[in-house]
Amino acid sequence: MNEHDSENIAGMLESMGYVLADDPFKAEVVVLNTCSVREHADKRFYGMLGQFKKRRDENKDTRIVCVCGCMPQQPRVQDEIKKSFSWVDVVFGTQTIGDFPRLLNDRISTGKKQFSITANNSIVPDEKESKRLHKHKALVNITYGCNNFCTYCIVPYTRGRERSRKPSDIIAEIESLVKNGTKEVTLLGQNVNSYGKTLEEDQRISFAQLLRQVNKIEGLERIRFMTSHPKDISDDVICAMRDCDKVCEFLHLPFQAGSSSLLKKMNRHYTKEDYLDIIEKAKREIPDLAFSTDIMIGFPGETDQDVEDTIDICEQVRYDSAFTFIYSKRRGTPAAKMLDQIPEDVKHERFERVLEVVNRISGEKNAEYMGKTLEVLVEGTSKKNEAVLTGKSRHNKTVNFTGGDKSMIGKLVQVKITDPKSFSLNGELVKYIL
Ligand code: SAH
Ligand code: SF4
């Protein structure tokens, strides 16, 4: 979501005549798009801001520094910026991105600092001006914000209430992307399964219906989506995944914790059994489905038995990959006030324990691909070796392969896997699909 906001901001700047700089420290206008989902990102923001101030004070390249994203969306940070970082030229939030060109122009023409943060939960930004990071795969927002208020999470406070984009706007954007060479889209939302709820009745369709509509777009090869909240994934979505040939055999379904009592405390609205039922259904309908997830370790009150439940889910589902996070206290969320916080050393020990299981299973899953031929969308050359191409399979595996050349970038090819690694697959080109 944050990456796609950056694409939108870059697109606006390009329309205004700016050109992307290779090195942010050499840029005249710097836009710091911030994240605040965990404390680490929060800290990095202040560090970076200090570095840009130094360059600006020394009159080295940097002239204008803008700050946007989830950090300034919080009242505490707004106060901090006004008090300690009042030199920042332009500040805007997650819901005022569309104002950025005007704010920047006003800053330049009037010399006055600009500050525009609102919590207007009804804004659905215009997405036309996005500057895509990749030509062949694109992120496409379908919803903004979140209504779920998981007790650890700051997103509903920084991104506002859930709003759905009109299906006609989504389809038009994807059609235009495809005309310009996009082969793969990822439909984005904090909870894609609740898509459509805020739409006018005459336009309202479900996420499953949206998948079926996007699947009809000619020239599009692949559809991905994230994130699916387990409490809202319907049988219709699983059936649409099964029926739509363009929807990739990959499901990112965060479970956070294996213990049903911890899930209740997190306000996730499903139990361990509910979650495993969904996985079983999905495996039954789409036998070749790959899974990934988000796991949180160290939520307040977590016991060793709770960690065993988390490990048990990992063993039962056998994820191809997983994002593992150590719980980070976010001011303003209900969990931050819970009294049974877990000590840092205990969190780290548990985290290592879970990570070991996750990594072992990822390696075992990858080993199963030995000798198989996979369709790969080529993204570029390997960082380590120009003669090796790299791309993603439909299962979202990174595949590095020999036997191809740079003309294949952005194309679909068939690769035979000869050397599966823990976190990627190595192989050889078999066929070039035009
Ligand atoms: N909407 C998505 C998640 C978006 S945030 C969903 O519900 O699945 C991405 C991930 O960050 C979450 O799944 C969670 O695992 C992690 N996360 C969110 N808040 C966190 C916190 N306070 N500490 C640690 N991890 C957190
Ligand atoms: Fe955060 Fe929960 Fe919303 Fe995901 S569903 S963004 S974890 S509140």
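Counting starts at 1 for both ligands and their atoms, following the listed order.
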Asks: Considering only heavy atoms, which protein residues lie less than 4.0 Å from any atom of ligand 1?
Replies: Val37, Arg38, Tyr152, Gln190, Thr227, Pro254, Gln256, Arg268, Asp294, Met296, Phe325, Ile326, Tyr327, Ser328, Arg330
Asks: Taking atom CD of Glu200 as the centre, does the number of heavy atoms from other residues, nucleotides or ligands within less than 6.0 Å exceed 12?
Replies: no
Asks: Going by heavy atoms in the side chains, are Ile170 and Asn141 under 4.5 Å from each other?
Replies: no
Asks: Under 4.5 Å between any side-chain heavy atoms of Gln73 and Ile117, yes or no?
Replies: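 They are in contact (side-chain heavy atoms under 4.5 Å apart), so the answer is yes.
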Asks: Considering the options Thr182, Leu412, Thr186, which one meets the side-chain contact (heavy atoms from CB on, under 4.5 Å) requirement together with Arg222?
Replies: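 Testing each of Thr182, Leu412, Thr186 against Arg222, the sole residue satisfying side-chain contact (heavy atoms from CB on, under 4.5 Å) is Leu412.
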Asks: Determine whether Phe291 and His252 satisfy the following criterion, ring-ring contact (aromatic ring centres under 6.0 Å, His included), listing intermediate values before the conclusion.
Replies: CA-CA 6 Å; Phe291 291 94; His252 178 66; over 10 Å; no
Asks: Would Lys272 pass as a cation-pi partner of Tyr275, given that its NZ or CZ must be under 6.0 Å from the six-membered ring centre and within 45 degrees of the axis?
Replies: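 The answer is no; the distance or angle limit is not met.
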Asks: List every atom of ligand 2 that sits less than 4.0 Å from any heavy atom of His229, numbering the atoms from 1 in the order shown and giving each element.
Replies: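 Counting from 1, the qualifying ligand atoms are 5 (S).
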Asks: State which residue, out of Lys411, Arg132, Arg224, Lys137, fulfils the salt bridge (charged side-chain N to carboxylate O under 4.0 Å, His left out) condition with Glu184.
Replies: Arg224
Asks: Quick one: which ligand 2 atoms are inside 4.0 Å of a heavy atom on Arg268?
Replies: 2 (Fe), 7 (S)
Asks: Thinking salt bridges, do Lys26 and Asp22 make one under a 4.0 Å N-O criterion?
Replies: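 So Lys26 does not pair with Asp22 through a salt bridge.
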Asks: Do any N or O atoms from the side chain of Gln74 and from the backbone of Cys70 form a donor-acceptor pair under 3.5 angstrom?
Replies: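 Answer holds: yes.
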Asks: Checking Asp89 side chain against Lys113 main chain: does a donor-acceptor pair fall under 3.5 Å?
Replies: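 Side chain of Asp89 to backbone of Lys113: no pair is present.
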Asks: If waters are left out, how many protein N/O/S atoms lie within less than 2.8 Å of atom 1 (Fe) of ligand 2?
Replies: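 Near atom 1 (Fe) of ligand 2, the number of protein N, O or S atoms below 2.8 Å is 1.
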